[in-house]
Protein chains: 2
Amino acid sequence: MELDSRKLQILRAIVDEYILSASPVGSKSLSQSSDMKWSSATIRNEMADLEVLGYLAQPHTSAGRIPSEKAYRLYVDRMMRRAHLSDEESKLLMGYFREHVNGMDAVLRSTAKALSEITHYTAVVLMPDIGVNRLKHLQLIPLVEGKALAVVVTDAGVSQNSVIDIPFDMGPEELDRISKAITNRFGGCRMSTVSSELVRELGGDLACRADFVETLLTSLCENQAKDRRMVELSGATNMLEFPEYSDVNKAKTFLATVEQRDSMYRMLKKASNMEFTVTIGSENEQEGLQDCSVVTASYRVNGQPFGSFGVIGPTRMDYARVLSILSNVQSNLGTILQSYLKEE
Amino acid sequence: MELDSRKLQILRAIVDEYILSASPVGSKSLSQSSDMKWSSATIRNEMADLEVLGYLAQPHTSAGRIPSEKAYRLYVDRMMRRAHLSDEESKLLMGYFREHVNGMDAVLRSTAKALSEITHYTAVVLMPDIGVNRLKHLQLIPLVEGKALAVVVTDAGVSQNSVIDIPFDMGPEELDRISKAITNRFGGCRMSTVSSELVRELGGDLACRADFVETLLTSLCENQAKDRRMVELSGATNMLEFPEYSDVNKAKTFLATVEQRDSMYRMLKKASNMEFTVTIGSENEQEGLQDCSVVTASYRVNGQPFGSFGVIGPTRMDYARVLSILSNVQSNLGTILQSYLKEE
DNA sequence: ATTAGCACTCGAACAAACGGAGTGCTAAAC
DNA sequence: GTTTAGCACTCCGTTTGTTCGAGTGCTAAT
């Protein structure tokens, strides 16, 4: 038994309908909808075939059919009509970006908000990893005795604060001197390539503080890696709008899952190498997203992969629409981030 | 009709029981519970009186009674036995603070987390306002042409980053010079007291950049005021555990409300002047918290009011327990924050 | 003043009845 | 040989009815 054109058309119609209504689609109602050229009986027969082939499932006898994950897969890969954003929508989208011109972090947070508000699903954005970026400026600022604030600016414009321990005999002037020395020596290097040898090779009073400097630089990288704020989450509660989550327990599980920054981080990190990904239901590795689908896109600046962002919704999400929104955001983001690095 | 001792005892028992069970308390079950010296009939009569007096309400005839807001008010003001934290609990609480010694912001975020995890309610923490604090260090760090990152450190240890516009002809050296000049001149002054006259009175090349410096300083204050991250929220989804929120719509409303940083900010700001506040049900001004109660405490450092924090829970929250946790946190916080300012 | 007893009330929980939407199958129509 | 109309059947969701238990108010006895 093969998937002939009629089966495909019917399957697509079922998926389209189910994405809208969230309730099982029956042969009769389907045959009444416009541009359905066949009677309910024919559709019934085809539906039975599609069920044997694994594309449809029946919640129970005498209910309509709902698409299986296999059907969504097929839909996404071969059947989906690429949605087209209306002018209004793309203007709306642009609006979010115009609002914030204040720093890369703000732009990415804004992105998360835009995505969640426009799609009505949940959005996650992976903040760029500091390790691959090049150091541009390091400034140590004295706080209290034994502690200082380290501010790192990279070519990506990402800045990061962390409180670090400093030797007690290190005064404000020395902090400033070290800041300048590091900025001069390592400006332009990748954050992750600074090793103790490189530090020792420096002359002057920096040499005798070599251990401190090395600890400082590695701890900055580690700090960043552990910093859970690398994933920006927005619109988690949007999911409560969907009948899929009218059960409070399901909602609770979902919210608990997406609020685990760690697993969101892993998910987005893995997706940073791919232009787009669509992960449907149980294809998700994350426990707790098995009833959801995740669509991600990655963003690049000057060809360098920077990070990724995605939308999480119910399995019956509107893939076509989400994909076109993501692709729109992807290019917007590319342009805007580029402008932060223009002098490179 | 007066509230004699017996009525008070019965009322307290009802409130205690309802806080635990969340379901209407009947005369019979109450009379069977330990240390109830009266028969169900007597309790019934008293309950009827208490209902007339407005302390109890009946969801419907032939159901038990539930406490009214008036009853909670009385309970909190006059009847509540102050709960005592077990050693385990207070150790647990201390643990949260020991974890993070990294900066004041981290401590306060940690506080929010501790509060929500230990109470199982929702916690909010107001970050200290930068305006009343004294400037300790200002550092301008070049980003791209025309933009710089301003990092402010105050005596409170609060640091704040914002991206600012700078004149195009201002190079890294000048930024550094200005940073030092401002730090020298205004170190120790309140952020909000820097006026244009003070700026002009400075000699040297700072004078010709007076406009810039003034704009800079005021915009830093404004930025902070607008920055919505001044309120740290934690454990909002804890509320889904309670039967009060087994209806998804109620849950949605609640979540939407507490995620509005603005209104949480107003609420906590108002509470910063009070040692403790307990706001019950409709006493809340915030639309959407009318079915909740909010308990707050303020924290001070060196007698200076700094900010406040609070717990939001269902009206039947365990006030005694929450209050003793808050008071514990209050003193912990005082001690820890003090240590950040010890060299003052 | 307190309490035992009783008739009454109401909601939650369970069961039976019903209607609707859907199905599979068969036989007629194209 | 497809396609479709028709029919009997299934099963869910809703409604209706019934029971059960916990609670109440009132009265009379303690």
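Scope of the values below: all heavy atoms of this structure, side chains included, with no hydrogens, waters or symmetry mates. A note on names: the letters A, B, ... follow the listed sequences, proteins ahead of strands, and every chain is numbered from 1. Keep in mind it's a predicted model, so treat the numbers as computed, not measured.
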Would you please name every residue forming a salt bridge (Lys or Arg N to Asp or Glu O under 4.0 Å) with [X], sequence neighbours left out?
X: B:E285; value: B:K270
X: A:D77; value: A:R73
X: B:R12; value: none

query: Which residues in residues 17-27 of chain B have at least one heavy atom lying under 4.0 Å from any atom of DNA chain C?
result: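 Correct list: empty, so none.
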[X]: partners by side chain to side chain contact (heavy atoms under 4.5 Å, CB included), with sequence neighbours left out:
X: B:E117; value: B:Y96, B:K113
X: B:N45; value: none
X: A:R44; value: A:S27, A:S40, A:A41

query: On DNA chain D, which is the earliest and which the latest nucleotide, 5' to 3', with an atom closer than 4.0 Å to a heavy atom of chain A?
result: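 Footprint of chain A along DNA chain D, 5' to 3': D:dT3 to D:dC12.
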- request: State, without any angle test, whether B:S33 and B:E17 hold a side-chain donor-acceptor pair at a distance under 3.5 Å.
  value: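 There is no such pair between these side chains.
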task: Let me know, please, whether A:N45 or A:K28 comes out on the 5' side of the other along DNA chain C by nearest nucleotide.
output: A:K28
Whole-Å distance separating the CZ atom of B:R44 from the P atom of C:dC8: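 Answer to the nearest Å: 16 Å.
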- prompt: Between C:dG22 atom P and A:E46 atom CD, what is the distance in whole Å?
  reply: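 The answer, rounded to whole Å, is 18 Å.
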- request: Please list, chain by chain and in numerical order, all residues satisfying ring-ring contact (aromatic ring centres under 6.0 Å, His included) with A:Y18, sequence neighbours excluded.
  value: none
- request: Indicate, with a heavy-atom threshold strictly under 4.0 Å, whether A:S29 touches base, sugar-phosphate, or nothing.
  value: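 A:S29: backbone/sugar contact only, no base atoms under 4.0 Å.
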Please set out all donor-acceptor pairs under 3.5 angstrom arising from side-chain atoms of residues 52-67 of chain A, sequence neighbours excluded.
residue: A:Q58; atom: NE2; partner: A:A63; partner atom: O; Å: 3.3
residue: A:R65; atom: NE; partner: A:E51; partner atom: OE1; Å: 2.7
residue: A:R65; atom: NH2; partner: A:E51; partner atom: OE1; Å: 2.9

Could you tabulate the donor-acceptor pairs under 3.5 Å formed by side-chain atoms of residues 308-316 of chain A, not counting sequence neighbours?
residue: A:S308; atom: OG; partner: A:L268; partner atom: O; Å: 2.7
residue: A:T315; atom: OG1; partner: A:D291; partner atom: O; Å: 2.9
residue: A:R316; atom: NE; partner: A:E244; partner atom: OE1; Å: 3.4
residue: A:R316; atom: NE; partner: A:E244; partner atom: OE2; Å: 2.5
residue: A:R316; atom: NH1; partner: A:I19; partner atom: O; Å: 2.6
residue: A:R316; atom: NH2; partner: A:E244; partner atom: OE1; Å: 3.2

Contact list for DNA chain D against residues 57-67 of chain B - heavy-atom distance below 4.0 Å: B:Q58, B:S62, B:A63, B:G64, B:R65
